[in-house]
S.K.: 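Take this structure first; my questions come after.
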Amino acid sequence: MLESLKKMFSGNEGDMPVSTGSKPDISREKSAELYEKAKNYFPGGVNSPVRAFKSVYGTPLFIQKGDGCFVWDADGNQFIDFCGSWGPLILGHNHPKVRDKVTEVMQNGMSFGAPTALENELAELIIKNNKFVEKIRFTSSGTEAVMSAIRLARGYTGKDKIIKFEGCYHGHTDSLLVKAGSGLVTFGETSSAGVPKSFAQETIVIPLNDKDAIKAAFEQFKDEVAAVIIEGIPANNGLLMQDVEYIKYLENICKENKALLIFDEVITGFRLGFEGAAAHYGVKPDIVTYGKIIGGGLPVGMYGASAEIMGHISPDGGVYQAGTLSGNPVAMAAGIAQLTELLRSGFYKELNNKASEFAESIQRFATARNYKLKVFHVGSIFWLAFTDKDKIQSADDIDPTSMEKFKVLHRELLNRGIYIGPSGYEVGFVSAAHTKIELEKAKRAILESLDVVFRNK
Ligand SMILES: *Cc1c(COP(=O)(O)O)cnc(C)c1O
């Protein structure tokens, strides 16, 4: 055991012993019982669809508590967690600084519907350390931030059409719940019942990483496009890394056509670095949206831009946007505590190094074993893709049949105490709370599970 651990550190993952095979299922009785109950109350038993475990084996685990990089379910099983509440928990679960600040602020009441000093404090933390926003507005979710950013872009430019990319998710706002039809440049087809066709007609959907497509879209809809919206780095449908040059091309073509470039950084904001994907690429989007990490685990979203663009938001300007709980003091407190930690010098360097070492060691193992697996990663985000392609840059590059392998991987990982998002299209997150020891344990579990996945290849 020790000998093989040493080998792992030295990078000879190919020499790892072959696993003992599939592990027996952990006890999931209490979770299953809770799920049966929940189905009486909520559609599919959940309050957000992917939680329902529809793409993997078994029923959802009901989580009872989290601490550091661990979560415990209702049956008392302990897991090393790489879901991190889908991204917000960059410091890990229940970080003492966040918990203490929230507890302190809560003593004064939960909500006032009037300004508080805490909003100024979080805004100052962000604006002082982020060259992409001069003025901001807090919302209560990422969806709301994106919805408002779209309205702002339309109000500011006086144009209606939006260009979005197949494979990018921007929350569940009507005009963005659209998918590509057939053809290079298409009007969106609604991807949800209840979204009027006429709304989807205002959204043009094109493939990622394709200059001809965006060029054709701007030619076809000349002077009609208010904004192009893209995820900082698309991370909701696999991790679709874009070339810097392509993103710069987007920036330029937007300028030429007087359309705004919206960076939806709800995942990548404060994740790749304090200034998100915009700084990572070295481009300057016109509007950025944040969510997830910004609230330290409580519901916060934000959109921001230059003072000039933000001047169009009500009450200064004519674009209406509001929120009863926007800037909620308890949520602001969590954001302040979390973002303060992120600003410590060396924070991102240490986290990102740890995460890339983790991802690359899994890759070395898979390569040595000739397994059809690629571990795509950036910052502390990683994605396990069952493919032999060196690059996956658009939604079309993903082979849907590879998800069968993910199902097996997911079951094997749960049975070895590793929790990851219950879909092969979801990325994983390494947090600052994952120590080298836990990453080694997780790596070993992943390697063993891969042996099971590929046993009959
Ligand atoms: C999660 C996410 C959203 C939606 O945020 P919610 O807080 O779930 O409404 C929007 N855009 C991106 C890129 C996201 O990852």
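Residue numbers count from 1 along this sequence. Ligands are counted one by one from 1 in listed order, and the atoms in each one are counted from 1 as well. For clarity, every value in this text was computed on a predicted model and none was experimentally measured.
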S.K.: Quick one: do the Ser198 and Gln201 side chains pair a donor with an acceptor below 3.5 Å?
M.R.: no
S.K.: Could you measure the distance from the SG atom of Cys83 to the CD1 atom of Ile420? Nearest 0.5 Å is fine.
M.R.: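 Here the rounded value is 9.5 Å.
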S.K.: Show the atoms of ligand 1 that are less than 4.0 angstrom away from any heavy atom in Tyr169.
M.R.: 11 (N), 12 (C), 13 (C)
S.K.: Below 4.0 Å from ligand 1: does a non-hydrogen atom of Glu144 turn up there or not?
M.R.: no
S.K.: Please check this pair: side chain of Lys179 against backbone of Glu166, looking for a donor-acceptor N/O pair closer than 3.5 Å.
M.R.: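 No; judged by distance alone, with no hydrogens or angles, the pair does not exist.
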S.K.: Report, in ascending order of atom number, the atoms of ligand 1 lying under 4.0 Å from any heavy atom of Asn236.
M.R.: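 Numbered from 1, ligand 1 contributes 12 (C), 13 (C), 14 (C), 15 (O).
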S.K.: Checking the N or O distance criterion of under 3.5 Å, is ligand 1 in contact with His170?
M.R.: no
S.K.: Please tell me whether Asn209 and Ser394 have a donor and an acceptor in their side chains that are separated by less than 3.5 angstrom.
M.R.: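 Side chains of Asn209 and Ser394: no pair found under 3.5 Å.
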S.K.: Please report whether ligand 1 has a polar contact with Gly142, defined as an N or O pair separated by less than 3.5 Å (distance criterion only).
M.R.: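 Yes.
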S.K.: Between Thr289 and ligand 1, find which residue part has any heavy-atom pair under 4.0 Å and reply side chain, backbone, both or neither.
M.R.: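 No part of Thr289 is near ligand 1 at this cut-off.
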S.K.: Any idea which atoms of ligand 1 are less than 4.0 Å away from a heavy-atom of Glu231?
M.R.: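 Listed by number with element, the hits are 13 (C).
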S.K.: Write out the residue and atom name of the closest protein heavy atom to atom 2 (C) of ligand 1, then the distance separating them to 0.1 Å.
M.R.: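 For atom 2 (C) of ligand 1, the nearest protein heavy atom is Lys292 NZ, 2.7 Å.
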S.K.: Between Phe358 and Phe382, does the ring centroid distance fall short of 6.0 Å?
M.R.: yes
S.K.: Taking only residues two or more places apart in sequence, or in another chain, which ones meet Glu426 in a side-chain hydrogen bond (donor to acceptor under 3.5 Å, both in side chains)?
M.R.: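 Result, side-chain hydrogen bond (donor to acceptor under 3.5 Å, both in side chains) vs Glu426: none returned.
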S.K.: Mark up the atoms of ligand 1 that fall under 4.0 Å of a heavy atom belonging to Ser141, in ascending order.
M.R.: 7 (O), 9 (O)
S.K.: Among all protein heavy atoms, pick the one closest to atom 3 (C) of ligand 1 and tell me residue, atom and distance.
M.R.: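 Ranking protein heavy atoms by distance from atom 3 (C) of ligand 1, first comes Val266 CG1, 3.7 Å.
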S.K.: Can you tell me if NZ on Lys37 sees more than 12 non-hydrogen neighbours from other groups inside 6.0 Å?
M.R.: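 No, because the 6.0 Å sphere around NZ of Lys37 holds 12 heavy atoms or fewer from other groups.
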S.K.: Checking Asn77 now: which residues fulfil side-chain hydrogen bond (donor to acceptor under 3.5 Å, both in side chains) with it, not counting sequence neighbours?
M.R.: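 Asp73.
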S.K.: Which residue holds the protein heavy atom closest to atom 8 (O) of ligand 1, what is that atom called, and what is the gap in Å?
M.R.: Thr143 OG1, 4.4 Å
S.K.: For ligand 1, which is the ligand I care about here, please tell me if Asp264 has any N or O atom under 3.5 Å from one of the ligand's N or O atoms.
M.R.: yes
